[in-house]
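Residue numbering restarts at 1 for every chain, and letters A, B, ... go by the order of the sequence lines.
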Protein chains: 2
Amino acid sequence: MVVDSGPAQEEIDRIFQALADGTRRDILTRVIEREQSVSALAGAYRMSLPAVQKHVSVLERAGLVGKTRHGREQRVHAEPDRIRTARELLDRYEVLWRHRVAAMDALLAEERPDRSKE
Amino acid sequence: MVVDSGPAQEEIDRIFQALADGTRRDILTRVIEREQSVSALAGAYRMSLPAVQKHVSVLERAGLVGKTRHGREQRVHAEPDRIRTARELLDRYEVLWRHRVAAMDALLAEERPDRSKE
DNA sequence: GTAACTTGCAACCAAATGGTTGTAGATAGC
DNA sequence: GCTATCTACAACCATTTGGTTGCAAGTTAC
């Protein structure tokens, strides 16, 4: 079932924006496989820790990951529901496309020009 | 890394970047329903025509839409294959997530820290 | 031809992105 | 106590983004 009747535009913006960076997609992949601390993540890339912190923050604001305290460490984990939401978002576009193709087929079958619409 | 066996990283960047803007998602929705000229699209928004041109250009570089000349008009149309590609990209993340949940379940059931798969 | 319309492109500007360094607060271990 | 580590946050900088205006080129209509 759909999580909600449709996330706000800004929510969708954040989700796609978060996924529009290779480092962030890689971070997401890593924490999906296993939750880990920010510094552990930072060790995997050739950039500074604050840079990784920012990427995690972007993913967090998009709701794709969350953080849990374990002593002095802060483990980053994936948020599966939101990931599925993102996929379902793309599903809607595919549904729209199928609809258009069906309309075009009907148009070609009846062989009538429909240019007087606008 | 693991997720990437399809399009290049930059391609994926462009696809998600293109979808990370409400105006561009709306343009995509419109041209999926019916192909139309750039100026016709521009008439639907409260921004200048060059701004809409830029949005279309971003969608075009991402491969989500294409353009066809009809006299002096340039009709923008959707590229369904690429839209499906984007959705399948998200599918892979969901698969990874399911994998991780299955591993966690096995972990909790057997109560041992080894996460080797069957 | 001239005029009107559609498009493309360059220059410009404000705001956001993605990175850096530096500083400061908690927590674990000595 | 002191020290080292993990994290957060602020300031700063270069580049990109999203918008503007203005101008040039191609196409249609007169």
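Taking atom CD of residue B:Glu60 and atom C1' of nucleotide C:dG8, one finds them 12 Å apart after rounding to whole Å. Between the CZ atom of B:Arg75 and the C1' atom of C:dC5 there is a distance of 15 Å, given to the nearest Å. Here C:dT17 presents its C1' atom at 14 Å from CG of A:Leu59, a figure rounded to the nearest Å. C:dT17 atom C1' lies 16 Å from atom CZ of A:Arg14, rounded to whole Å.
Residues forming a side chain to side chain donor-acceptor pair (under 3.5 Å) with B:Ser48 (at least two apart in sequence, or on another chain): none. By the side chain to side chain contact (heavy atoms under 4.5 Å, CB included) test, A:Ala44 pairs with A:Arg30, sequence neighbours left out. A:Asp21 meets the salt bridge (Lys or Arg N to Asp or Glu O under 4.0 Å) test with no other residue; sequence neighbours excluded. Checked against side chain to side chain donor-acceptor pair (under 3.5 Å), B:Thr29 has no partners two or more places apart in sequence or in another chain. Applying the side chain to side chain donor-acceptor pair (under 3.5 Å) criterion to A:Arg82, with sequence neighbours excluded, gives A:Glu11. Legend: residues meeting side chain to side chain donor-acceptor pair (under 3.5 Å) with B:Arg24, ordered by chain and number and at least two apart, are B:His55.
With B:Leu41 as reference, B:Val56 is the one residue of B:Val56, B:Leu49, B:Thr23 to meet the side chain to side chain contact (heavy atoms under 4.5 Å, CB included) rule.
Backbone-only engagement by A:Arg24 is indicated by non-hydrogen atom pairs under 4.0 Å involving sugar-phosphate atoms exclusively. Using a 4.0 Å heavy-atom criterion, one finds that B:Ser37 contacts the sugar-phosphate atoms exclusively.
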Residues 58-74 of chain B side chain polar contacts: donor-acceptor under 3.5 Å, at least two apart:
from    : atom 1 : to      : atom 2 : distance (Å)
B:Thr68 : OG1    : B:His77 : NE2    : 3.4
B:Arg69 : NE     : B:Gly71 : O      : 3.3
B:Glu73 : OE1    : B:Arg75 : NE     : 3.2

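Between A:Val58 and B:Gln53, the residue whose closest nucleotide on DNA chain C is further toward the 5' end is B:Gln53. Along DNA chain C, the nucleotide closest to A:Asp21 and the one closest to B:Gln74 are compared, and the more 5′ of them pairs with B:Gln74.
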Using atom names, set out every protein N or O paired with an N or O of nucleotides 20-26 of chain C below 3.5 Å, distance rounded to 0.1 Å.
from   : atom 1 : to      : atom 2 : distance (Å)
C:dT20 : OP1    : A:Ser48 : N      : 3.3
C:dT20 : OP2    : A:Ser48 : N      : 2.8
C:dT20 : OP2    : A:Ser48 : OG     : 2.5

Apply side chain to side chain contact (heavy atoms under 4.5 Å, CB included) to residues A:Leu90 and B:Asp91 and explain how you reach the verdict.
CA-CA 10 Å; A:Leu90 268 305; B:Asp91 263 339; over 6 Å; no
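The footprint of chain A on DNA chain D, defined by a heavy-atom cutoff below 4.0 Å, extends from D:dT5 to D:dC9.
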